[in-house]
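Side-chain atoms are counted along with the backbone in the values below, which use heavy atoms only and exclude waters and symmetry mates.
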Amino acid sequence: QMADPFLYNAGERSHYGCLGQEVQIEYLKAYVCRPSFFTDKAVIVVHDVFGWQYPDIRYIVDLMAGHGYITICPDFFKGTEPWTPTDHWVDFPDWMKNHDPMKVDKEADVVLKYLKEQCGAKKIGIVGFAWGGIAVHHLMLKNPQLTAGVSLYGIVRDSEERYSLLNPTFFIFGEKDHTISLDQISLLEDKLKQYCKVPYKIKVYPGQVHGFAQLKPEDMKPEDKPYIEEARKDMIDWIKMFI
(Lines give C-alpha, C1' and ligand atoms only; values in the text may rest on other atoms or scores of the structure.)
Protein backbone atom coordinates (compact mmCIF):
# COMPACT_ATOMS: atom_id res chain seq x y z
CA GLN A 1 0.00 0.00 0.00
CA MET A 2 1.60 3.21 -1.18
CA ALA A 3 1.34 6.15 1.21
CA ASP A 4 -0.84 8.96 -0.04
CA PRO A 5 1.81 11.21 -1.63
CA PHE A 6 -0.10 14.40 -0.92
CA LEU A 7 -0.74 14.14 2.79
CA TYR A 8 -2.99 17.13 2.68
CA ASN A 9 -6.57 16.11 3.08
CA ALA A 10 -8.07 16.47 -0.36
CA GLY A 11 -11.38 14.93 0.66
CA GLU A 12 -14.18 17.27 1.64
CA ARG A 13 -13.60 20.71 0.15
CA SER A 14 -15.60 23.64 1.40
CA HIS A 15 -17.51 25.29 -1.41
CA TYR A 16 -15.73 28.25 -3.00
CA GLY A 17 -17.72 30.83 -4.95
CA CYS A 18 -15.33 31.92 -7.69
CA LEU A 19 -14.93 35.50 -8.83
CA GLY A 20 -13.75 34.76 -12.37
CA GLN A 21 -15.15 33.03 -15.44
CA GLU A 22 -14.41 30.09 -17.70
CA VAL A 23 -13.22 30.79 -21.24
CA GLN A 24 -12.23 28.73 -24.27
CA ILE A 25 -8.80 29.49 -25.79
CA GLU A 26 -8.20 27.52 -28.96
CA TYR A 27 -8.37 23.88 -27.76
CA LEU A 28 -8.03 24.74 -24.05
CA LYS A 29 -10.55 25.64 -21.42
CA ALA A 30 -9.31 28.09 -18.79
CA TYR A 31 -10.45 29.91 -15.69
CA VAL A 32 -9.71 33.66 -15.78
CA CYS A 33 -10.06 36.34 -13.15
CA ARG A 34 -9.27 40.01 -13.83
CA PRO A 35 -8.69 42.91 -11.49
CA SER A 36 -11.27 45.69 -11.56
CA PHE A 37 -8.87 48.09 -13.32
CA PHE A 38 -6.83 47.90 -16.52
CA THR A 39 -3.41 46.29 -16.25
CA ASP A 40 -0.87 44.93 -18.71
CA LYS A 41 0.51 42.45 -16.15
CA ALA A 42 -0.59 38.85 -16.05
CA VAL A 43 0.06 35.62 -14.16
CA ILE A 44 -0.48 32.03 -15.31
CA VAL A 45 -1.40 29.61 -12.50
CA VAL A 46 -0.52 25.95 -13.11
CA HIS A 47 -2.82 23.59 -11.20
CA ASP A 48 -1.79 20.45 -9.33
CA VAL A 49 -2.93 16.87 -10.09
CA PHE A 50 -6.51 17.76 -9.09
CA GLY A 51 -6.87 19.95 -12.16
CA TRP A 52 -8.06 23.39 -13.20
CA GLN A 53 -11.56 23.16 -11.67
CA TYR A 54 -10.38 22.35 -8.15
CA PRO A 55 -11.63 24.99 -5.66
CA ASP A 56 -8.23 25.47 -3.96
CA ILE A 57 -6.57 26.49 -7.21
CA ARG A 58 -9.39 28.86 -8.20
CA TYR A 59 -8.99 30.53 -4.84
CA ILE A 60 -5.31 31.20 -5.73
CA VAL A 61 -6.31 32.61 -9.16
CA ASP A 62 -8.75 35.02 -7.50
CA LEU A 63 -6.14 35.94 -4.88
CA MET A 64 -3.57 36.88 -7.56
CA ALA A 65 -6.20 38.88 -9.47
CA GLY A 66 -6.94 40.75 -6.24
CA HIS A 67 -3.30 41.84 -6.26
CA GLY A 68 -3.71 43.45 -9.68
CA TYR A 69 -2.89 40.74 -12.23
CA ILE A 70 -4.96 39.28 -15.05
CA THR A 71 -4.75 35.71 -13.77
CA ILE A 72 -5.47 32.55 -15.74
CA CYS A 73 -5.48 28.85 -14.94
CA PRO A 74 -5.69 26.81 -18.15
CA ASP A 75 -6.59 23.12 -18.20
CA PHE A 76 -3.12 21.67 -18.73
CA PHE A 77 -4.77 18.22 -18.79
CA LYS A 78 -6.52 19.22 -22.06
CA GLY A 79 -9.93 17.83 -21.10
CA THR A 80 -8.65 14.50 -19.74
CA GLU A 81 -9.61 13.39 -16.23
CA PRO A 82 -7.65 14.92 -13.36
CA TRP A 83 -6.53 12.78 -10.44
CA THR A 84 -9.22 12.61 -7.76
CA PRO A 85 -8.98 12.08 -3.99
CA THR A 86 -10.78 8.71 -4.38
CA ASP A 87 -8.38 7.29 -7.00
CA HIS A 88 -5.96 4.52 -5.92
CA TRP A 89 -2.30 5.45 -5.50
CA VAL A 90 -1.20 2.21 -7.10
CA ASP A 91 -2.54 3.68 -10.39
CA PHE A 92 -0.73 7.01 -9.95
CA PRO A 93 2.44 6.16 -11.96
CA ASP A 94 0.31 5.17 -14.97
CA TRP A 95 -1.80 8.29 -14.65
CA MET A 96 1.40 10.40 -14.54
CA LYS A 97 2.66 8.83 -17.79
CA ASN A 98 -0.29 10.44 -19.55
CA HIS A 99 -0.02 13.71 -17.60
CA ASP A 100 3.62 14.72 -17.92
CA PRO A 101 4.36 18.09 -16.27
CA MET A 102 7.34 18.53 -18.61
CA LYS A 103 5.07 18.46 -21.67
CA VAL A 104 3.31 21.77 -21.19
CA ASP A 105 5.18 23.92 -23.71
CA LYS A 106 2.48 23.99 -26.37
CA GLU A 107 -0.25 24.89 -23.86
CA ALA A 108 1.95 27.60 -22.34
CA ASP A 109 2.44 29.13 -25.81
CA VAL A 110 -1.32 29.11 -26.50
CA VAL A 111 -1.97 30.91 -23.20
CA LEU A 112 0.89 33.41 -23.66
CA LYS A 113 -0.47 34.30 -27.10
CA TYR A 114 -3.97 34.80 -25.66
CA LEU A 115 -2.68 37.00 -22.81
CA LYS A 116 -0.67 39.16 -25.20
CA GLU A 117 -3.18 39.44 -28.05
CA GLN A 118 -6.55 39.35 -26.27
CA CYS A 119 -5.68 40.83 -22.87
CA GLY A 120 -2.92 43.29 -23.76
CA ALA A 121 -0.44 41.69 -21.34
CA LYS A 122 3.15 42.94 -21.62
CA LYS A 123 4.72 41.18 -18.61
CA ILE A 124 3.70 37.68 -17.67
CA GLY A 125 4.67 35.58 -14.68
CA ILE A 126 3.82 32.01 -13.70
CA VAL A 127 3.16 30.19 -10.43
CA GLY A 128 2.52 26.46 -10.06
CA PHE A 129 1.69 24.00 -7.29
CA ALA A 130 3.10 20.46 -6.96
CA TRP A 131 2.52 18.97 -10.46
CA GLY A 132 2.32 22.61 -11.56
CA GLY A 133 5.53 23.42 -9.67
CA ILE A 134 7.40 20.90 -11.82
CA ALA A 135 5.82 22.48 -14.92
CA VAL A 136 6.97 25.95 -13.76
CA HIS A 137 10.55 24.78 -13.16
CA HIS A 138 10.53 23.25 -16.65
CA LEU A 139 9.06 26.36 -18.32
CA MET A 140 11.49 28.71 -16.55
CA LEU A 141 14.29 26.73 -18.21
CA LYS A 142 12.67 26.84 -21.64
CA ASN A 143 10.43 29.86 -22.18
CA PRO A 144 12.00 33.34 -22.09
CA GLN A 145 8.56 35.00 -22.40
CA LEU A 146 7.90 34.24 -18.73
CA THR A 147 9.33 37.18 -16.76
CA ALA A 148 9.34 35.44 -13.35
CA GLY A 149 8.22 32.15 -11.85
CA VAL A 150 7.28 30.62 -8.50
CA SER A 151 7.42 26.84 -8.13
CA LEU A 152 5.65 25.53 -5.04
CA TYR A 153 6.83 22.06 -3.97
CA GLY A 154 7.59 20.78 -7.45
CA ILE A 155 11.02 20.38 -9.08
CA VAL A 156 12.44 18.86 -12.25
CA ARG A 157 14.45 15.95 -10.86
CA ASP A 158 16.19 14.04 -13.57
CA SER A 159 18.01 16.45 -15.82
CA GLU A 160 21.45 17.97 -15.56
CA GLU A 161 20.09 20.88 -17.58
CA ARG A 162 17.71 21.94 -14.85
CA TYR A 163 19.74 24.75 -13.28
CA SER A 164 20.11 27.29 -16.09
CA LEU A 165 17.00 29.29 -15.35
CA LEU A 166 16.16 31.99 -17.91
CA ASN A 167 14.42 34.39 -15.53
CA PRO A 168 14.00 34.93 -11.76
CA THR A 169 12.52 31.86 -10.05
CA PHE A 170 11.47 31.23 -6.46
CA PHE A 171 11.18 27.68 -5.06
CA ILE A 172 8.87 27.16 -2.07
CA PHE A 173 9.00 23.91 -0.06
CA GLY A 174 7.39 22.42 3.04
CA GLU A 175 9.85 20.99 5.55
CA LYS A 176 7.77 17.80 5.94
CA ASP A 177 7.01 17.24 2.26
CA HIS A 178 7.74 13.55 1.82
CA THR A 179 7.73 13.86 -1.98
CA ILE A 180 10.78 16.19 -1.89
CA SER A 181 13.54 15.45 0.60
CA LEU A 182 15.66 18.11 2.25
CA ASP A 183 18.65 16.51 0.44
CA GLN A 184 17.06 17.27 -2.90
CA ILE A 185 16.49 20.85 -1.78
CA SER A 186 20.13 21.34 -0.78
CA LEU A 187 21.30 19.78 -4.06
CA LEU A 188 19.09 22.28 -5.92
CA GLU A 189 20.60 25.12 -3.87
CA ASP A 190 24.21 24.03 -4.49
CA LYS A 191 23.68 23.64 -8.23
CA LEU A 192 21.83 26.93 -8.63
CA LYS A 193 24.73 28.67 -6.87
CA GLN A 194 27.02 27.12 -9.47
CA TYR A 195 25.02 27.51 -12.66
CA CYS A 196 22.20 30.00 -12.31
CA LYS A 197 22.78 33.48 -13.81
CA VAL A 198 19.48 35.09 -12.76
CA PRO A 199 17.99 35.87 -9.32
CA TYR A 200 16.56 32.83 -7.55
CA LYS A 201 15.38 32.02 -4.05
CA ILE A 202 14.71 28.82 -2.11
CA LYS A 203 12.68 28.80 1.09
CA VAL A 204 11.55 25.95 3.33
CA TYR A 205 8.52 26.49 5.60
CA PRO A 206 8.73 24.74 9.00
CA GLY A 207 6.45 21.77 9.67
CA GLN A 208 4.57 22.07 6.37
CA VAL A 209 3.51 19.10 4.23
CA HIS A 210 3.09 18.80 0.48
CA GLY A 211 0.27 20.97 -0.84
CA PHE A 212 0.16 23.35 2.13
CA ALA A 213 0.08 26.69 0.35
CA GLN A 214 -3.09 26.45 -1.70
CA LEU A 215 -5.51 25.70 1.14
CA LYS A 216 -8.43 28.08 1.49
CA PRO A 217 -8.78 29.92 4.84
CA GLU A 218 -11.60 27.70 6.11
CA ASP A 219 -9.55 24.53 5.43
CA MET A 220 -6.42 25.66 7.32
CA LYS A 221 -5.34 24.30 10.69
CA PRO A 222 -4.58 27.17 13.11
CA GLU A 223 -0.96 26.02 13.61
CA ASP A 224 -0.31 26.00 9.83
CA LYS A 225 -2.08 29.25 9.03
CA PRO A 226 0.89 31.60 9.65
CA TYR A 227 3.13 29.54 7.33
CA ILE A 228 0.49 29.27 4.63
CA GLU A 229 -0.08 33.03 4.72
CA GLU A 230 3.66 33.72 4.72
CA ALA A 231 4.21 31.42 1.72
CA ARG A 232 1.45 33.17 -0.22
CA LYS A 233 2.73 36.60 0.67
CA ASP A 234 6.25 35.52 -0.38
CA MET A 235 4.87 34.18 -3.68
CA ILE A 236 3.04 37.44 -4.41
CA ASP A 237 6.02 39.59 -3.34
CA TRP A 238 8.29 37.68 -5.76
CA ILE A 239 5.87 38.26 -8.62
CA LYS A 240 5.50 41.95 -7.65
CA MET A 241 9.28 42.39 -7.53
CA PHE A 242 9.67 41.40 -11.18
CA ILE A 243 6.25 41.97 -12.78
Side-chain angles (χ1 to χ4, degrees), residues 4-25 28-35 42-67 69-87 95-96 99 101 104 107-108 110-111 114-115 124-139 146 149-154 170-174 177 179 208-220 224 228-229 231-236 238-239:
D4 172 343
F6 297 105
L7 274 185
Y8 88 102
N9 178 6
E12 285 301 305
R13 302 324 277 164
S14 45
H15 177 71
Y16 179 66
C18 302
L19 306 175
Q21 71 201 89
E22 295 188 1
V23 296
Q24 184 80 37
I25 308 166
L28 292 175
K29 284 192 158 67
Y31 174 68
V32 184
C33 190
R34 295 166 177 264
V43 173
I44 300 167
V45 173
V46 192
H47 54 72
D48 61 14
V49 292
F50 301 120
W52 74 294
Q53 290 174 307
Y54 205 58
D56 295 17
I57 217 70
R58 296 205 165 182
Y59 175 79
I60 295 289
V61 173
D62 294 355
L63 180 74
M64 293 295 316
H67 282 270
Y69 296 93
I70 301 159
T71 311
I72 185 166
C73 178
D75 176 12
F76 281 96
F77 297 162
K78 302 170 287 216
T80 65
E81 286 301 302
W83 188 253
T84 71
T86 51
D87 289 333
W95 181 88
M96 274 294 276
H99 298 84
V104 289
E107 288 68 48
V110 166
V111 174
Y114 167 81
L115 288 170
I124 301 168
I126 189 165
V127 303
F129 297 80
W131 187 95
I134 303 171
V136 167
H137 186 176
H138 167 77
L139 288 166
L146 295 161
V150 183
S151 163
L152 295 97
Y153 30 82
F170 178 24
F171 294 92
I172 284 177
F173 300 106
D177 184 333
T179 69
Q208 298 308 294
V209 299
H210 192 73
F212 77 98
Q214 69 258 48
L215 289 176
K216 305 193 303 306
E218 61 271 34
D219 297 321
M220 294 175 188
D224 294 329
I228 295 169
E229 288 176 348
R232 288 209 199 136
K233 183 181 182 300
D234 291 345
M235 167 183 84
I236 290 160
W238 185 262
I239 293 293

Looking at side-chain heavy atoms only, is the closest gap between [X] and [Y] below 4.5 Å?
X	Y	result
W95	D87	no
I239	H67	no
Q208	D177	no
I124	L146	yes
Y114	V23	yes
F50	P85	yes
L63	T71	no

So which atom in [X] and which in [Y] form the shortest heavy-atom distance, rounded to 0.1 Å?
X	Y	value
G149	W238	O-NE1, 3.2 Å
F77	D48	CZ-O, 3.7 Å
V45	F129	CG1-CE1, 4.3 Å
P74	A30	CA-CB, 3.7 Å
L19	Y31	N-OH, 3.2 Å
V46	G132	CG1-CA, 3.5 Å

Tell me if a side-chain donor or acceptor on [X] pairs with a main-chain N or O of [Y] at a distance below 3.5 Å.
X	Y	result
W131	M96	no
H99	P82	no
Y153	A213	yes
T86	T84	no

For H137 and F171, take the angle between the two ring planes, folded into 0 to 90°, and tell me which bin it lands in: parallel under 30, tilted 30 to 60, perpendicular over 60.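 Aromatic pair H137/F171 classed perpendicular.
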
Begin with the C-alpha distance, continue with both residues' side-chain angles, and end with the deciding distance and a verdict on side-chain contact (heavy atoms from CB on, under 4.5 Å) for D75 and H47. CA-CA 8 Å; D75 176 12; H47 54 72; 4.2 Å; yes

For Q53, check side-chain contact (heavy atoms from CB on, under 4.5 Å) against everything at least two apart and list the hits.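 E22, R58.
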
Which one of [options] satisfies the side chain to side chain contact (heavy atoms under 4.5 Å, CB included) criterion with [X]?
X	options	answer
F212	I172, D224, L152	I172
V127	R232, Q214, M235	M235
I44	I72, V136, L139	I72

Spacing of S151 atom OG and F173 atom CZ [to the nearest 0.5 Å]: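 So the gap between those two atoms works out to 6.0 Å.
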
How about W83 and Y54: are their ring centroids closer than 6.0 Å?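 That pair fails the under 6.0 Å test.
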
